[in-house]
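Comments concern the structure below.
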Amino acid sequence: HPGQLRAWDSEKRFILVLAGTQGGKTSFGPVWLWREIQRRGPGDYMVVTPTYPLLTKKALPEFLRLFKRQLHLGEYQHQQKVFTFSVEQNVAMFGAAGVETPTQVFFGHAQDPESLESATAKAMWLDEAGQKKFRLGSWEALQRRLSIHEGRVLLTTTPYDLGWLKQQLWDPWMDKKRNHPLIDVIRFD
């Protein structure tokens with residue numbers, strides 16, 4: 001729909017998608033991340049939700065529907081909470097680079113910022129990032145994970161409260177009169 005298309009067309013580094021319940025946010029996340037993987041090449045990517053139970057309710061099933069069932073890209077290892085592209089798919093997509101560097105999508109939750117450390121991600125999708133359990137410390141840890149590759153982030157959420165999301169993304173975007181060099185906010189009406 002038009003809101004998803006605006007988010008798709010955005011080239012900003014931080015894309016905040018705000019919408020109400022059943023607005024098409026979570027179904028958009030895997031498609032956006034798939035495109036980022038195609039653009040950025042083999043390596044590590046992340047999907048993060050406020051809690052692990054929330055991940056298993058919607059974000060993970062939507063991700064697996066596209067990456068595993070429709071595109072047949074690889075397998076999800078439940079214990080490690082990682083989706084790994086098969087060697088054949090990685091090579092088909094990235095050639096010789098796909099032989100040397102695996103492509104993995106790590107799944108995490110934002111209740112414990114320390115659990116998100118020690119990764120070097122190329123892009124990430126943060127679902128329901130506006131919930132109170134998605135902590136500011138987790139947002140800061142995730143930005144560190146993206147620093148080497150200057151990776152992009154899609155944040156999809158219902159606007160729950162006036163926490164860090166408003167202070168770190170919405171307010172700077174508004175201060176620049178909706179023309180921030182790094183941040184784009186798209187509201188699905």
Side-chain angles (χ1 to χ4, degrees), residues 3-4 6-8 10-21 23-37 39-40 43-64 66-67 76 81-83 104-173 180 182-188:
Q4 290 171 324
R6 286 194 317 272
W8 181 262
S10 177
E11 292 297 327
K12 302 286 176 95
R13 184 161 180 220
F14 304 109
I15 303 165
L16 173 58
V17 171
L18 298 172
T21 304
K25 304 174 303 289
T26 302
S27 62
F28 177 69
V31 177
W32 181 89
L33 187 61
W34 168 234
R35 184 182 67 176
E36 286 301 300
I37 292 170
R39 288 177 167 182
R40 308 281 308 199
D44 295 341
Y45 297 84
M46 297 179 76
V47 174
V48 180
T49 60
T51 65
Y52 185 69
L54 193 61
L55 172 72
T56 60
K57 284 182 183 177
K58 186 71 174 180
L60 181 59
E62 285 292 322
F63 175 90
L64 291 175
L66 178 64
F67 279 69
Y76 178 70
K81 296 177 183 61
V82 61
F83 183 89
Q104 301 178 103
V105 180
F106 293 94
F107 293 83
H109 66 83
Q111 283 183 294
D112 178 9
E114 292 178 3
S115 71
L116 301 169
E117 297 288 0
S118 188
T120 304
K122 290 187 166 185
M124 56 183 68
W125 164 40
L126 313 180
D127 194 37
E128 297 298 359
Q131 288 192 359
K132 288 181 182 180
K133 291 186 179 181
F134 203 114
R135 300 177 51 197
L136 171 61
S138 295
W139 169 242
E140 292 167 344
L142 292 167
Q143 288 183 79
R144 289 190 295 272
R145 303 304 96 224
L146 291 165
S147 63
I148 289 176
H149 297 290
E150 296 183 354
R152 294 188 349 129
V153 182
L154 174 68
L155 302 97
T156 54
T157 191
T158 297
Y160 293 96
D161 69 354
L162 302 177
W164 69 264
L165 199 78
K166 180 181 182 300
Q167 297 164 5
Q168 299 281 315
L169 297 169
W170 177 268
D171 290 348
W173 180 72
H180 194 283
L182 298 176
I183 302 167
D184 208 352
V185 176
I186 291 102
R187 296 183 305 186
F188 292 2

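If you're wondering where the values come from, they're calculated on a predicted model, not measured in any experiment.
In this structure, Ser27 and Val31 approach most closely via the heavy-atom pair O-CG2, 4.0 Å. Nearest heavy atom pair, residue Trp125 against residue Ala59, reads CH2-CB, 3.8 Å. Between Ala121 and Met124, the closest heavy-atom pair is CB-CE, 4.0 Å. The shortest heavy-atom contact between Ala110 and Ser138 is O-OG, 2.6 Å. Considering all non-hydrogen atoms of both residues, Val17 and Ala7 come closest at CG2-CB, 3.8 Å. Looking at every heavy atom in both residues, Leu165 comes nearest to Gly130 through CD2-CA, 3.9 Å.
Within the 4.5 Å cutoff, the side chain of Leu33 has no heavy atoms near those of the Leu154 side chain. Taking the side chain as every heavy atom from C-beta outward, Phe67 and Ile37 approach each other to under 4.5 Å. Looking at heavy atoms from C-beta onward, Leu146 lies in side-chain contact with Arg13 at the 4.5 angstrom threshold. Here the side chains of Thr158 and Lys25 are in contact, with some heavy-atom distance below 4.5 Å. By the 4.5 Å heavy-atom criterion applied to side chains, Leu55 and His109 are not counted as neighbours. A heavy-atom distance below 4.5 Å is found between the side chains of Leu169 and Trp139. Using a 4.5 Å heavy-atom cutoff, the side chains of Leu142 and Val153 are not in contact. Residues Ile183 and Pro172 form a side-chain contact, since some pair of their non-hydrogen atoms from C-beta on lies under 4.5 Å apart.
Side chain of Arg187 to main chain of Leu18: no donor-acceptor pair is present (N/O by atom type, distance under 3.5 Å, no hydrogens or angles). Checking side-chain atoms of Arg145 against main-chain N and O of Ala119 turns up a donor-acceptor pair under 3.5 Å. The backbone N or O of Pro53 lies less than 3.5 Å from a partner atom in the side chain of Thr56, making a donor-acceptor pair. Using a distance-only test at 3.5 Å, with no hydrogens or angles considered, no donor-acceptor pair links the side chain of Trp164 to the main chain of Gly137. A donor-acceptor pair under 3.5 Å is formed between the side chain of Thr49 and the backbone N or O of Thr51. Judged by distance alone, the side chain of Lys122 and the main-chain N or O of Gly43 form no donor-acceptor pair under 3.5 Å. Looking at Arg152, its side chain does come within 3.5 Å of a backbone N or O of Lys12 through a donor-acceptor pair.
Rounded to the nearest 0.5 angstrom, Gln131 CD and Leu54 CG are separated by 5.0 Å. The distance from the CG atom of Leu60 to the OH atom of Tyr52 is 6.5 Å, given to the nearest 0.5 Å. Atom CD in Gln168 sits 12.0 Å away from atom CG in Leu16 (nearest 0.5 Å). Taking CH2 of Trp34 as the reference point, atom CG of Leu66 lies at 8.0 Å (rounded to 0.5 Å). Here CG of Leu155 is found 11.5 Å from CG of Asp184. Values are rounded to the nearest 0.5 Å.
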Evaluate side chain to side chain contact (heavy atoms under 4.5 Å, CB included) for Phe63 paired with Asp127, printing each intermediate quantity in order. CA-CA 11 Å; Phe63 175 90; Asp127 194 37; over 6 Å; no
Does the pair Tyr160 and Glu128 meet the rule for a side chain to side chain contact (heavy atoms under 4.5 Å, CB included), with working shown? CA-CA 9 Å; Tyr160 293 96; Glu128 297 298 359; 2.8 Å; yes
Applying side chain to side chain contact (heavy atoms under 4.5 Å, CB included) to Val47 and Phe83, what does each step give before you reach the verdict? CA-CA 10 Å; Val47 174; Phe83 183 89; over 6 Å; no
List the steps, then state whether side chain to side chain contact (heavy atoms under 4.5 Å, CB included) holds for His180 with Val185. CA-CA 10 Å; His180 194 283; Val185 176; over 6 Å; no
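The aromatic rings of Trp170 and Trp173 sit tilted relative to each other, their planes meeting at an angle between 30° and 60°.
Other residues, nucleotides and ligands place no more than 12 heavy atoms under 6.0 Å from the CD atom of Glu150.
In this structure, the ring of Phe107 has its center less than 6.0 angstrom from the ring center of Tyr76.
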